[in-house]
Amino acid sequence: MKHKISLMMISAALSIIFFTGQSRAFEYRVGAEVFEGLFKEDNYLDENSATFDYDETYNILGIYPEGYVDFGGHITGYALGELEWFHSWDAEDENDLNATLADIFLSYSASGFSVDVGLQPFAVGKGIVFYSDEPGISLKYDSWKNTYITGEVFKVFDNSPMAKIAFGYVPGFLESVEIIGAWYHDADDRIAELFEPFYEDADLESAGDFFWVGGQADFFVRDVFVSCILLQQFGSLEIDDGAAGLDFDVSAYLIDLELNYNISSQFSAGTFVFTASGDQSPETGSMNAFMSPMPFNRTTAIFFNGGFERYDIEEAVLLGGVTWDGVIAPGVKFEYQPNLKIVTELVAAMLFPQGDLFNTDTWYGWETDTRLSYEFYPNQRLFVEAGIFTHGNFFKQKYGFRPDPATRVVAGIHLMF
């Protein structure tokens, strides 16, 4: 969620940090990130008309100054500003200039204990459940050997609270095992937005409590690197249309499994499967569709809209399977790095409703994404990304026609100083 703050406030906050750093009693670091990207997206889903005919070409220019200061006495501070200019050649609102303070928080650490307080980044389930910068507090204790515990409490949207607790174990380099639990309370009627297509001209309200329990792990099995997330969701949900109410018990699940193997020092290959449960009758019975607030799913760039993390986070409660029918998406990915400056990536996936694996009569379709980046100077690179999603029979049966393929092309430059 973007927390809008005037340019004057950003300048004042960063100036305090920078000025403080000039004193001999303190240490500071300053930096900046610059992003320039040109996006062209065709035949995307138009959420207002529920048809695949939305085209847009737009440009994003972002400048992100940051400052870190060590006050001494185990206390540090961090601030990240965002100045973004958005220009569209197709949208009604062609230009939008936003100045925000993405992060500003204080940290204290001593004897294996640390606490961060303020506007800061939070992620639940590697971002698949939640991914955003929000006001809150995070705690961590890791004085035990290879073991830690973390707790987080923060605010989502305007009034909705969310919390997370995790127990982790780090067996080796790049390896970790974590048991997680999270809770979200809807106090902003955000779940109601998912049900609006079922009600015409109704002013919906919602209330509910979602809980997630499960685990995530990254580890080696010989030379194969395994990354996985398994989550069970439960809770309760109430939808009120002003005349009557619907009550649901929630029971859903999500599985994200990926295997990667380095064939050589330059080439690696992997396979993955992503599954989120759905519900073909969301107006009756219990609720079996996986839902979460502001998730960011990197599986594919078009179907899951997992393109660039800073720009694609939607401020809404969304379905983990994208549609009410859920999803199961097996795929492959390859990475080729001919030298230290060039990285190429390819991802290909088939997408099916949950429970209909390899049934082409009902499948969503297939997607292929590719990306090329060139680091012409340390931490400064050019990139190009392209993707295509070809719709399957699921959309032909639902809309009465097979939409033209959805495409996405992005080109830009990313600089870090």
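Contact check for F225 versus D218: side-chain heavy atoms found under the 4.5 Å cut-off. Put simply, the side chain of M350 reaches to within 4.5 Å of the side chain of F358, judged on heavy atoms. Looking only at side-chain heavy atoms (C-beta outward), S227 and Q216 stay at 4.5 Å or farther from each other. You'll find the side chain of I63 stays beyond 4.5 Å of the side chain of F35, heavy atoms only. Proximity of W183 to P161: side-chain heavy atoms (C-beta onward) are separated by under 4.5 Å at one or more points. A heavy-atom distance below 4.5 Å is found between the side chains of Y64 and L80. In this structure, F383 and V410 have side chains that are in contact, with non-hydrogen atoms separated by less than 4.5 Å. Residues R381 and Y377 fail the side-chain proximity criterion, which asks for heavy atoms closer than 4.5 Å.
With hydrogens and angles ignored, the 3.5 Å screen pairs a side-chain donor or acceptor of Q266 with a backbone N or O of P338. The main-chain N or O of N288 is found under 3.5 Å from a side-chain atom of S277 such that the two form a donor-acceptor pair. A donor-acceptor pair is defined here as one N or O able to donate and one able to accept, closer than 3.5 Å; such a pair exists between the side chain of K164 and the backbone of A123. Here the side chain of D55 pairs a donor or acceptor atom with the backbone of N43 at under 3.5 angstrom. The backbone N or O of S160 lies less than 3.5 Å from a partner atom in the side chain of D188, making a donor-acceptor pair. The closest donor-acceptor contact from the side chain of D189 to the backbone of S206 lies under 3.5 Å. Distance alone, capped at 3.5 Å, is enough to place a donor-acceptor pair between the Q120 side chain and the G136 backbone. The backbone N or O of N95 lies less than 3.5 Å from no partner atom in the side chain of H87, so there is not a single donor-acceptor pair. Side-chain atoms of D90 come within 3.5 Å of backbone N or O of T57 as a donor-acceptor pair. Checking side-chain atoms of N339 against main-chain N and O of I342 turns up a donor-acceptor pair under 3.5 Å.
Across every non-hydrogen atom of P197 and L194, the tightest pair is CD-O, 3.4 Å. Looking at every heavy atom in both residues, A187 comes nearest to N159 through CB-O, 3.8 Å. Shortest non-hydrogen contact noted between W212 and M291 is CZ2-O, 3.4 Å. Nearest approach of V124 to A182, heavy atoms of both residues: CG1-CB, 3.9 Å. Across all their heavy atoms, F71 and G77 have their closest contact at CE1-N, 3.8 Å. Closest non-hydrogen pair, G125 versus I229, comes out as O-CD1, 3.5 Å.
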Side chain to side chain contact (heavy atoms under 4.5 Å, CB included) between I302 and Y44: does it pass, once the steps are laid out?
CA-CA 8 Å; I302 297 178; Y44 264 47; 3.6 Å; yes
Check the pair F394 / Y399 against ring-ring contact (aromatic ring centres under 6.0 Å, His included), numbers first and verdict last.
CA-CA 9 Å; F394 175 90; Y399 299 106; 8.1 Å; no
Which is it for F274 and F304 under the ring-ring contact (aromatic ring centres under 6.0 Å, His included) test, yes or no, and what are the steps along the way?
CA-CA 11 Å; F274 177 87; F304 294 101; 5.2 Å; yes
Just do the side chain to side chain contact (heavy atoms under 4.5 Å, CB included) check on W85 and N59 with the steps written out, would you?
CA-CA 8 Å; W85 175 63; N59 187 84; 3.9 Å; yes
Apply ring-ring contact (aromatic ring centres under 6.0 Å, His included) to F113 and Y141, showing your working.
CA-CA 5 Å; F113 173 79; Y141 184 74; 7.2 Å; no
Start with the C-alpha gap between R402 and N393, add the side-chain angles, then the distance that decides, and say whether side chain to side chain contact (heavy atoms under 4.5 Å, CB included) holds.
CA-CA 7 Å; R402 190 188 305 277; N393 290 330; 2.8 Å; yes
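Using cut-offs of 30° and 60° on the angle between ring planes, the pair Y58 and F39 is parallel. Taking the six-membered ring where tryptophan is involved, the planes of F376 and Y374 are tilted, since the angle between them lies from 30° to 60°. Between Y184 and F157, the ring-plane angle classifies as perpendicular under the 30° and 60° cut-offs. Using bins of under 30°, 30° to 60° and over 60° for the plane-to-plane angle, the ring pair F303/F389 lands in the tilted bin.
For the residue pair T100 and E82, a side-chain donor N or O sits within less than 3.5 Å of a side-chain acceptor on the partner. Between N260 and E258, the side chains place a donor N or O and an acceptor N or O closer than 3.5 Å (distance only, hydrogens not considered). Side-chain contact annotation: Y54 with E56, donor-acceptor N/O pair under 3.5 Å present. Side-chain contact annotation: Y253 with Q354, donor-acceptor N/O pair under 3.5 Å present.
In the displayed structure, L204 atom CG is contacted under 6.0 Å by more than 12 heavy atoms of other residues, nucleotides or ligands. Counting heavy-atom neighbours within 6.0 Å of Q232 CD, excluding the residue itself, gives a total above 12.
W324 and F195 have their aromatic ring centers within a separation under 6.0 angstrom. Under the 6.0 Å cut-off for aromatic ring centres, F154 and F130 qualify, their centroids lying closer than that.
A cation-pi arrangement is absent between K396 and F401 under the rule of less than 6.0 angstrom and at most 45 degrees off the ring axis. Cation-pi geometry between R29 and Y78 is not satisfied (NZ or CZ under 6.0 Å from the ring centre, within 45° of the ring normal).
Each of T390, T300, T299 was evaluated against E367; a single residue qualifies, T300, per the side chain to side chain donor-acceptor pair (under 3.5 Å) test.
Comment: E41 engages R408 in a salt bridge, judged by a side-chain N to carboxylate O separation of less than 4.0 angstrom. With respect to the salt-bridge test (charged N to carboxylate O, under 4.0 angstrom), the residues R371 and E385 qualify. Salt bridge E345/K333: absent, no basic N to carboxylate O contact under 4.0 Å.
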